[in-house]
Amino acid sequence: MTENVVRNRFDFDVTARNGDARTGSLVINGTELETPNLFPVINFYAGGTDNSVYGGGIHRTLKEFMIGAERVGVEPMTEYFDASMTSVASLTDYNLNRNRYESYLDTPIKQRPLFENYNGLIFADSGGFKFLGGTDIDGSDFEVEMNQDAVYDIQEAFGSDIIVNLDHPIAPDDSHATRVEKAEMTAENIHTFLSISRGFDGAKYLTLHGYNYSMMSEFLEVITDSVPEGVLKEGFDGIALGSLVPKKDDRDALIRAVTDCREVMNEWGIGHWPLHVLGISSRAVPILAALGADSFDSSTHIHNAINGKYNESLMKRVDLDDADFSNCDCPVCSSDLLVNRMRGNAEYQKDVLGPVAMHNLVVVKDELAEIRRRIQTEDEDALIAYFEETFSHDKTMRQYAHKVVNQTLGGYF
Amino acid sequence: MKKAPKVNEVNEFLEIASDFEDPLEVIRESLSNAYDAGATTVEITILNRAGGSDIIIEDDGHGMNERDLESFFDLGNSRKTDSIGYKGHGTKIFYKSDRIEVTTVHDGTSYRAEMDEPWEKLNNEVLPEYELTKTDVRSGNPGTKIKITNFRSGHGFDAESLTYNKINHYLKWKTIAGSTAHYFDDDQREMEISVVLDDEIDDTQDGLVTDNRLTFPDEQLDPDDSMYPAERMCKHYPANEIAVEYDGGKTTLQIVGMVGGKAARNELPTYGRHSAQFGIWFAKDHIKVERLNEAISHDNEFIHFLFVANCQDIELSANRESIRNKASSVYKAIEEEVEYYLSKVTQDPWFKSYLETRKEAEYNRRTAKQQTSLKERRETIESDGFIPKNKAEVLIALERASSTSRGLSHTVEDYDPTADIHAILRQNGRLRNAAVFPTLTGLFENDVPLKNTDVAVCWTQGDPAILSEYERNGYYGGDLKFDVDDGGFEYENDGRQFVEVIEVSELLQGAAVPAADD
């Protein structure tokens, strides 16, 4: 009986392979997600008013799209929110007081009437990069000392589907000693995490930090000094590869990290686990998917919108003023109301830029759907053709695309 | 009132003919014309003459009619459309001679055109004329024979410089004889090209026979066991036709090429240095025109490449040595396409392994060289002992002397060879500023300021006569006084300064002698 519960709680099946890329089905508590896929970053909680669960600038408008609120005049865009990434640290974004904090956590997200239309997977990051990354953000606004126990309580209170342990991300200029120290501290958290999360109904991902094979291998060795390998493998369901945000523009580094991570996972006998790459932006996603990453999270669609950028495609962004909405048939650009708003005719900036962020997200999600289709053909030429179409004349990206074609798809010659 | 600008015909002929300088361009021109005339054989004969040479070109093409002959002699009146020569400039090189004779049989008619003293007349501002006669002949056996008498180059053309070797390499590098068309079209007509030189020019062989195909050296994908294992490595990159869209139209780019080491490249004909020859070529009619080596991003890597990127929408300058329409959108589009294609080649794992093999071989050669050099250095130490050759070695010697002698206490705390005061020493617990030189004389030769110098560390004092001269002549307006017994020198200039001299060779010698404790 217990075994059945465990099996239903989490399941990940690889359904097709193409080179190192793979499509899969991630099933958590009966909700299925096709991979590779993107978890858009969503802050489910915002300011300090009664309706603030709904609030939060562009986040608010995105949530309106997600649930199909009357204000945006479109049907719920659930297919683009089949997964979402939120962070425990997002609670710190709006200076919450203790009362608000408690009211936010008294009902899981998906059980709130406001989000009844939402049925995607929620991945709750531990916020380690914020709490422990040397910034002065902590839980003092709402009088909570942020440690592994507190973080897990919040993740659970969110009603999360996927959670990670509280980690200590590394930085590119960390010394060896610092990296080992951070791994040791993370190991302590893992120990705590595994003991307090035994009854968790969802998937647990182990955060892994390192930029190459040796760093990741050493990280796991340090972890298994305090948590036996068997316990680790029993306790976790997937890998969340972290610390890559400072390297997000160094494509070589990203390729190496994902390639080496897959190698380490295979050597540790966890190659069948899903691999999530934390915080990676849209343009690198196809390359990393081709190398075998199964999911990503990103807020790039929002940041681009805030910077006035409209995605014509995954690779091409134009200034919002130059965008031709008639070239796009997404639900946002097909709505006269929303196009009018994107042209600047709205009282609030969130209603101008929110639809742009939603459109940008649609572009990336559609792109991932296309990548999945190409992988499912199991024909290497289909993925090569995708890379040709996507990166062919982008001088900044093409050498990395060539590298991936050579590394995993048999090369050109 | 509208007025039409006028052209000075004579000057135009002179100008265009002068653009073609190299007598080999006569051959280049004739071969292209022969191919366009459907020829399967072309024979070229060059005879030495007092002021230049006679050049005879004979082909079995379909010949020229009267209209074609007009184009042959006219300027800017070609009947070609997009192939090389459509401007009608090339044959004007023949005007740089004493006589042009063209005999051509086309469609049952034989035409003969003769032009006397074309070059002299043009230089006398007279437009030369040609005499055309026409005779009916039996159909069959068409062809053209062109005889250029006493061809002159503007800069004292010397026919003897035209060796078979030079002509062969020129043909393959600059003319249709080096065409890469056959990689794209199995039906490309083969043309046999023979060249015969007067014995006075080159008697090393009876003649030269070649075809109109540039072929790459055989592939060798793996390194060999030689000292330069990548030298003969070679990979072909198959013919690739790419449809290119540009602002205003569509065109086709045909790329074929190879990557190879020096030995492989040497199997190709060469025309000049490798660095001036290999790389990425744009071509028209599959004849190389101008390089785009920027398509290969890394330093000098283009030398390993020979790629020919052909596009018929390239337009050539009048002398055919460069591309004229570089500002056009079609050029920009194909340039981008070539760069993209080459980006794939440079990311090809084979190419990376080729470079890696070269690097490994270089590493191994360096190791071998090191062994030789180290052997010599070790022998020198064994025979002559340790003699510092630079500042760092002086400091090594100082530390060694200190470590082997109980009476000395010198440690090097800091070393900056680019500073005036190179090192900071700890001597008996105190920090001291030290200028360091293999010889003391070096300190003065390098104009080291003395105010902040506590100690001069040197292997030996150096030439005492030089030091005496400094003592005699002074140093930066001050007086120097060397006092060996006091272990240093005094410098007086707005105050008195004593600089200790540590002569390390003596310290080390002293330290090396076993302490006598009896």
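Letters A, B, ... mirror the listed sequences (proteins, then strands); counts begin at 1.
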> In Å and rounded to the nearest 0.5 Å, what is the OG to CD distance from B/S343 to A/Q399?
Replying inline: 6.5 Å
> Between A/K395 and B/E339, what is the shortest heavy-atom contact and its length?
Replying inline: NZ-OE1, 3.0 Å
> What pair of heavy atoms forms the shortest contact from A/H402 to B/K344, and how long is it?
Replying inline: CE1-CG, 3.1 Å
> Is it the backbone or the side chain of B/K235 that comes under 4.5 Å from a heavy atom of chain A, or both, or neither?
Replying inline: side chain
> Has B/R366 got more than 12 heavy atoms of other residues, nucleotides or ligands less than 6.0 Å from its CZ?
Replying inline: no
>> Please classify the contact of A/Y412 with chain B as side chain, backbone, both or neither, using a heavy-atom distance under 4.5 Å.
In response: side chain
>> Surrounding CG of A/D322 (heavy atoms of other residues, nucleotides or ligands, distance under 6.0 Å), is the total greater than 12?
In response: yes
> Is there side-chain contact between A/F413 and B/H236, with heavy atoms separated by less than 4.5 Å?
Replying inline: no
> Checking B/Y237 against chain A: side chain, backbone, both or neither under 4.5 Å from a heavy atom?
Replying inline: side chain
> Could you state the interatomic distance from OH (B/Y340) to CG (A/D394), rounded to the nearest 0.5 Å?
Replying inline: 10.5 Å
> Would one find more than 12 heavy atoms of other residues, nucleotides or ligands at under 6.0 Å from atom NZ of A/K248?
Replying inline: no
> For A/D329, does the CG atom sit with more than 12 other heavy atoms under 6.0 Å from it, leaving out its own atoms?
Replying inline: no
